[in-house]
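A quick write-up on the structure given underneath.
Chain letters run A, B, ... following the sequence lines, proteins first, then strands; residues in each count from 1.
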Amino acid sequence: MNKAEKPESWDPKKIEAKWSEIWSREGIYEPDLNSAKKPYYNLMMFPYPSAEGLHVGNMYAFCGSDIYGRHQRMRGNDVFEPIGLDGFGIHSENFALKIGQHPMELSKKTEANFYRQLHMIGNSFAWDEKLETYDPSYYRFTQLIFVQLFKSGLAYRGKATVNWCPHCLTVLADEQVLKKSKIKMQKSKIDEEVEVCERCGTEVERRDLSQWFFRITNYAGRLLKNLDSIDWSEKVKVAQRNWIGKSEGAKLMFASDIESDALIEVFTTRPDTIFGVTFLVLAPEHPLVTTIINKAKGLLQQQIRNFVDYSLKKTESERIGAKFEAKKSVKKQEKEGIFTGFYATNPLNGEEVPIYIADYVLMSYGTGAVMGVPAHDERDFEFAKKYKLEIKPAIVPKEGEWDFSQNAFTEEGVLANSGQFDGLTTEDGIQSVINYINENHLGSSFATWHLRDWIISRQRYWGPPIPMIFCEKCAADGKSWFTENKTQISKVKNQNLDWGHAGWYPVPEEDLPVELPYVKNFKPTGSGVSPLAADSNFVNVKCPGCGSQAKRETDVSDTFLDSAWYFLRYPSQIQNPKVKSQKLPWDAEITKKWLPVDMYIGGAEHAVLHLLYSRFLTMALYDMGLVNFEEPFTKFRVNGLLIKDGAKMSKSKGNVVNPDDYIQKFGADTLRCYLMFCGRFSQGGDFRDTGIEGMQRFLRRVWKLATGPVSGNIEALGHSLGRDQRPVGNLHEAHRSQNSESTPSRAPSLKADDERMMHKTIKKVTQDIESLDYNTALAALMEWMNFLEAKVSKVSQISSEETRTLLLLLAPFAPFMTEELWQTVSRGQVPETRDEKSFRSIHQEKWPEFDEDKIKSGKTMLIVQVDGKMREKVEVDVGISKDEAEDVASKLEKVSKYLESGKYSAIYVPNKIINFVTEK
RNA sequence: GCCGGGGUGGUGAAAUCGGUAUACACGUCAGACUUAAAAUCUGAUGACCGCAAGGUCGUGAGGGUUCGAGUCCCUCCCUCGGCACCA
C-alpha cells in the first residue's frame, strides 16, 4: 500500500447512524421466533421511563447485558434481546404530578425520548417486539392474570393493618417499604431506623384498610426451596432467603386455667429448652386477652385492660412519635408486661407457670404467644429480671460454667434438669422433644415465615384498573363468582376461600381490558380510594352475576404486577403472525421454545421486589397449567452500581451523567467500552471523565491498526479476487480457508509468540465475557493491541488473521466500529438494498476459537526464588524437569550467591516457580 | 446482633489450585515531533535507603499455618447491602 494514501479517519457519529439503519433494515437482531434452532433469550430488566431520560446507570446495565447477548449470538445462538418500557406506576405518575402534565400525554413524550436513547446505545435489541405496560393491549393481560389469580383463590380481599405512604397517598406492599437510617451517630453507633416508601422516601404510616392481596405466602416454601437450584447471583438468593425468612421449630400446646378448653399455642425454635419455661407471654392483641379481661376480677381486670390499651397505643405512638428521639435505640425498648392472674401447664413436666401479657411479643409473628425461657433467651431474661421471675437452666454449656443470674445462655449445649432428655445435645434434644410432643399430641413441628401476602391495590390513577366488580345485591344474597361457579371451588383450597368474597365478580374476560379512562383530575385523593372513584361512568356497571346495578373496583394494581410477567409477553407479541388467538398473553409453542429466560441481568435493588414477584407469578401460572416451567429466569446476574468520581450519582449532588452528552462527544462505542472498563460488572464502577478519553485513544489505535498500510489484510481477505467476481457473503469461507493451509501468500505466517498471544487473548476474552468480567476482557485486548503495535514497529506488518480476530473479539464491545472496519476494510461494499440477501454482519460471524496447545507451546518465564523471595527470572522451555530447572536456576548469578553453602533443597512448581530453601 | 459483598499505588482497578503483588487504564514527570500549543509517539512511575549494583519494607490491624499468604485459619477494625423485640 502506498504510504501517501491516507486511511479514512474514524467518525463515530457517521458510522453509528449508518450501521443502526443497516442493521435495522437487514433485521439482523430479529431471530425467527417460530423456527429458530438455538433460541437464546437474553434479557435485561426493562426501564421505567422517567422524564429525565435514560440514566447512564441504565445504559451501563444494558450494555453489559448486550455484550453477553452479542457473544451468545456469535457463538451460534439465535439471540432474542427484546426491550420495552415499564411506564405504568407511581414513579411516572408522581413525575407527571410534579410538572403538571397528564400521564397519558407525558408518557408519549418520555416514550419517544427513551426509545431514541435506547436506539443510540448500540444494543442488539429486537425492536419489533417492543412493549409498554401502559398500552391497553398489554394491560388487558395484566388484568386477565389478575382474574386468573382470583379464580384460583390466589387473590383475595382482606382487611389488615397496612403500610400507607402519606405522600403517594396509597398503600404499599411490605416489600415496598424500606428501612432507612435517619440519624447516624458516629460515636454511639445507634442508628435510628425509620420505614420509608420505596418510591418517594417518605416515612410510612399504618392504616387499617381493606385491600386486594395475592397469596404469595402459599408459595413461601417453594420460593425458598427452588433458590437452591437456580443459577442466580448469590447476593440476591441470600436477600430472598432472608426475606422469606423461614424459621423452623415447633408449636406447643399449653393448657391453662383461663378456660377449660383454652389451649395456648406457642411457637419456639428451641423446644429443647422446654424444661426451662418459667412463664408464658401473650401479645396484647392475642385473641385470648379478651377472655382474660372478661374473666379477671376487680382491680386486676382494670389493670389488665389499662395495660392492653396502653401498649396498643404505645406501639402506634412509638412508630410515629419516636422518630426525633435520636438517642434512643429502636432495639432497646424497655419490655413491659402484666401478670394476668392465670396459669398455664407445661405439657412436658406438668409445671404451672404464670401467664403474662407483654408488648415485646408480636401478634404478627409465630402464634402471638411465647414460652418464657429466661435462662436461654435474652428477651425473656430481661423480662424475668424486671418482673422477678424464676430463671431455670435447662441447657448447660458443653464445657465450663455459666452464671445464669447474669446472662441468658443462648448457645448450644447439653440438656439438664430436663428429665428423660438429660444429657442430649441441643441438636438431639430439639428432635427428641419434637418427637415426644408429636407422639403425645402436645404439638407439632412447625415453621413460621417472615414473608407476607402481597398487597396489590393502589389508590392511584396511573395503573391498570383492578378488573373486579362488587354487587351489593349478590353480597346480601351471599352470592359471588365462586358460588356461581361451583366446579371451580373444588379446585381451590378451602383456606383460600376463607374470606368475604360475597358480592365479588371478576370482569368477564371478553370485556377486558377495563380501560383506564382519561380522568382530568388524576391526583391521588388520600381518602383511601383512587381518583377513578369520582368517575361515575367508570364506576357504575352491571353485575356479571345478577345483572343489577353494581360498582367497579376503583383501585389500580401495583406496578410490580405489570413487570412480573412482561418477559412472557415479548416472544409472543402481536407482530408475530403465528399468534392468532389472543386469549392468552402468550403463544404456547413459542413460549415453550423461548422460555424460561436464559440470561437475565438487573440491579440488586429488585432482589425482593420484582425478582420475587416474578418467581411467585410464574409458579402460580405453572400451577394453573398456563406455562410449563416454574422459574422464570434460569440464570440471573446482578450488575453493580455505577458511581461518579467516588460518589453515588444523584440529582441533588448534580453529578448525574447524561449518556447523551457522552455519545455526542465520543460516540456509543467509546462510551460502551469505557463503562465496561470502569470495574468488574458485578461490582459496579466509577465513572471519570478522564478515563473515557483513554478508551477513545484505544479505539482510535484499533482503527489505525486495522486501516493502516501495515496490516496485510486486504489481500488476505479475498480482495485480490476483485470486487466484481468475489461472491458476496463468502467472508465466512474466507475466514475458514484462512485457517487452513491456503493462506494467501502476502499474509505473513504467525510465529509461535504471535500465536500464543492471540490464542491467549481469545481464551481470556471468551472466558471473561462468560463470567461478565468485561473490564479484564478489555484489558486483555489492550495488552494484545500493545503487542501488535510493537510487532508493527518491528516487522511493519501484522497478519490479516490477527486483524480479523481482534475485530471479532472487540465486536460485542464496540459494535459500530468493528462492523465498519469489518465491512469496509476487510470486506468491501455493503449491499444497498434488502433484496440482496447477501449481507452478513460481523455480529453474525463465528466467534474465534482458541487452541490450548498454542498457548502452552514454546518458552516460559521461570520464577526463581530463594527462601520464598523472588530473585531472578529465566526463560526456559515449557515442560522442563525439576532437575533441569534446578540446574539452570542455581547457576544464575543472582541466585548462586545465596546457595554457596550448598545446603539447600528445592521446590519446583512446573513451568512457574523454583524455590530454593536454604538450611539455617 | 445475625447473614452476605468489599478494604490492594496518586486514581479506577488486576491477580485460576496458595506460586513474579500492583496487569490494563487514568494521572504525573521526562523526552521526540511542533514557531508554539493540542494531538500523537517513546520512556519512567508502590514506598524508603543508595551515585550505582543492590537492598529493606509493602495488599485495613494483630497473630497463626506454609518452602511460599492479597489468597487459608484465628482475633479485631472500617465500609456497603440484606434481615432483626422473629420467640
Whole angstroms only, please: what is the [atom1]-[atom2] distance between [X] and [N]?
X	N	atom1	atom2	result
A:Asn242	B:G82	CG	C1'	5 Å
A:Leu612	B:C83	CG	P	12 Å
A:Lys246	B:A84	NZ	P	18 Å
A:Trp243	B:C86	CH2	C1'	13 Å
A:Met785	B:A25	CE	P	10 Å
A:Ile914	B:G68	CD1	C1'	14 Å
A:Trp10	B:U40	CH2	P	12 Å
A:Leu892	B:G54	CG	P	13 Å

Check the chi torsion on B:C17 and let me know: syn if it falls within 90° of 0, anti if not. syn
Glycosidic torsion of B:G9 (syn if within 90° of 0, anti otherwise) classifies it as syn
Indicate whether OP1 or OP2 belonging to [N] is found under 4.0 Å from a side-chain N or O atom of [X].
X	N	value
A:His450	B:A84	yes
A:Arg700	B:U40	yes
A:Lys179	B:C83	no
A:Lys235	B:G81	no

Distance check, [atom1] atoms only: [N] and [M], in whole angstrom units.
N	M	atom1	value
B:A23	B:C73	C1'	29 Å
B:C85	B:C80	C1'	26 Å
B:U34	B:G7	P	47 Å
B:A37	B:A32	P	11 Å
B:C3	B:A84	P	16 Å
B:U8	B:A69	C1'	14 Å
B:G60	B:U11	P	14 Å
B:U22	B:U71	C1'	15 Å

Look at atom [atom1] of [X] and say whether more than 12 heavy atoms of other residues, nucleotides or ligands are closer to it than 6.0 Å.
X	atom1	result
A:Glu852	CD	yes
A:Lys648	NZ	no
A:Glu248	CD	no

Here's a test of your reading of the structure: between A:Arg871 and A:Glu783, which maps to the more 5' nucleotide of RNA chain B? A:Glu783
Between A:Glu234 and A:Asn786, which residue's closest nucleotide on RNA chain B lies nearer the 5′ terminus? A:Glu234
Sequence neighbours left out, what passes salt bridge (Lys or Arg N to Asp or Glu O under 4.0 Å) with A:Glu234? Give chain and number order. A:Arg241
Return the set of residues passing salt bridge (Lys or Arg N to Asp or Glu O under 4.0 Å) with A:Lys760 (not counting sequence neighbours), or none when no residue passes. none
At under 4.0 Å between heavy atoms, how does the protein contact nucleotides 12-20 of chain B? Give one character per nucleotide, 5' to 3', with B, S or -. BSSS---BB
Which part of the nucleic acid does A:Val361 contact within heavy-atom distance under 4.0 Å: base, sugar-phosphate only, or nothing? base
For A:Phe681, report the nucleic acid contact type (base, sugar-phosphate, nothing); a contact means any heavy atom under 4.0 Å. nothing
Can you confirm whether or not the ring centre of A:Tyr674 sits under 6.0 Å from the ring centre of A:Tyr662? no
What about A:Phe383 and A:Tyr356, are their ring centers closer than 6.0 Å? yes
G-U wobble or Watson-Crick pairing nucleotide for [N] (cut-off 3.5 Å, both distances):
N	value
B:C67	B:G19
B:A36	none
B:C83	B:G1
B:U11	B:A25
B:G58	none
B:G31	B:C41

Checking side-chain contact (heavy atoms from CB on, under 4.5 Å) for the pair A:Cys678/A:Asn775: CA distance, chi angles, key distance, verdict? CA-CA 7 Å; A:Cys678 280; A:Asn775 56 336; over 6 Å; no
A:Lys392 side chain to A:Phe275 backbone, donor-acceptor under 3.5 Å: yes
On the six-membered ring of A:Phe446, is A:Lys251 placed so that its NZ or CZ lies under 6.0 angstrom from the centre and within 45° of the ring axis? yes
Within 45 degrees of the ring normal and closer than 6.0 Å to the centroid, is that where the cationic atom of A:Lys335 sits relative to A:Tyr360? yes
Consider only side-chain N and O atoms of A:Asn655 and A:Asp645, and report whether a donor and an acceptor are under 3.5 Å apart. no
Quick one: do the A:Ser771 and A:Asp773 side chains pair a donor with an acceptor below 3.5 Å? yes
Can you figure out which of B:C57, B:C83, B:A25 approaches the side chain of A:Arg701 most closely? B:A25
Closest to the A:Ser247 side chain: B:A87, B:A23, B:C41? B:A87
Enumerate, atom names and distances included, each donor-acceptor pair closer than 3.5 Å involving a side-chain atom of residues 602-611 of chain A, sequence neighbours excluded.
{"residue": "A:His610", "atom": "ND1", "partner": "A:Ser563", "partner atom": "O", "Å": "3.3"}
{"residue": "A:His610", "atom": "ND1", "partner": "A:Ser614", "partner atom": "OG", "Å": "3.3"}
{"residue": "A:His610", "atom": "NE2", "partner": "A:Tyr600", "partner atom": "OH", "Å": "2.7"}

Strictly below 4.0 Å, heavy-atom distances to any atom of RNA chain B: list the hits from residues 363-373 of chain A, or just say none. A:Tyr365, A:Val370
Just the atom pairs and distances: protein N or O near nucleotides 26-28 of chain B's N or O, under 3.5 Å.
{"residue": "B:C26", "atom": "OP1", "partner": "A:Arg697", "partner atom": "NE", "Å": "3.2"}
{"residue": "B:C26", "atom": "OP1", "partner": "A:Arg697", "partner atom": "NH2", "Å": "2.9"}
{"residue": "B:C26", "atom": "O2'", "partner": "A:Thr690", "partner atom": "OG1", "Å": "2.9"}
{"residue": "B:G27", "atom": "OP2", "partner": "A:Arg697", "partner atom": "NH2", "Å": "3.2"}

Can A:Phe677 and A:Phe813 be said to form a ring pair (Phe, Tyr, Trp, His ring centres under 6.0 Å), step by step? CA-CA 10 Å; A:Phe677 190 64; A:Phe813 299 91; over 10 Å; no
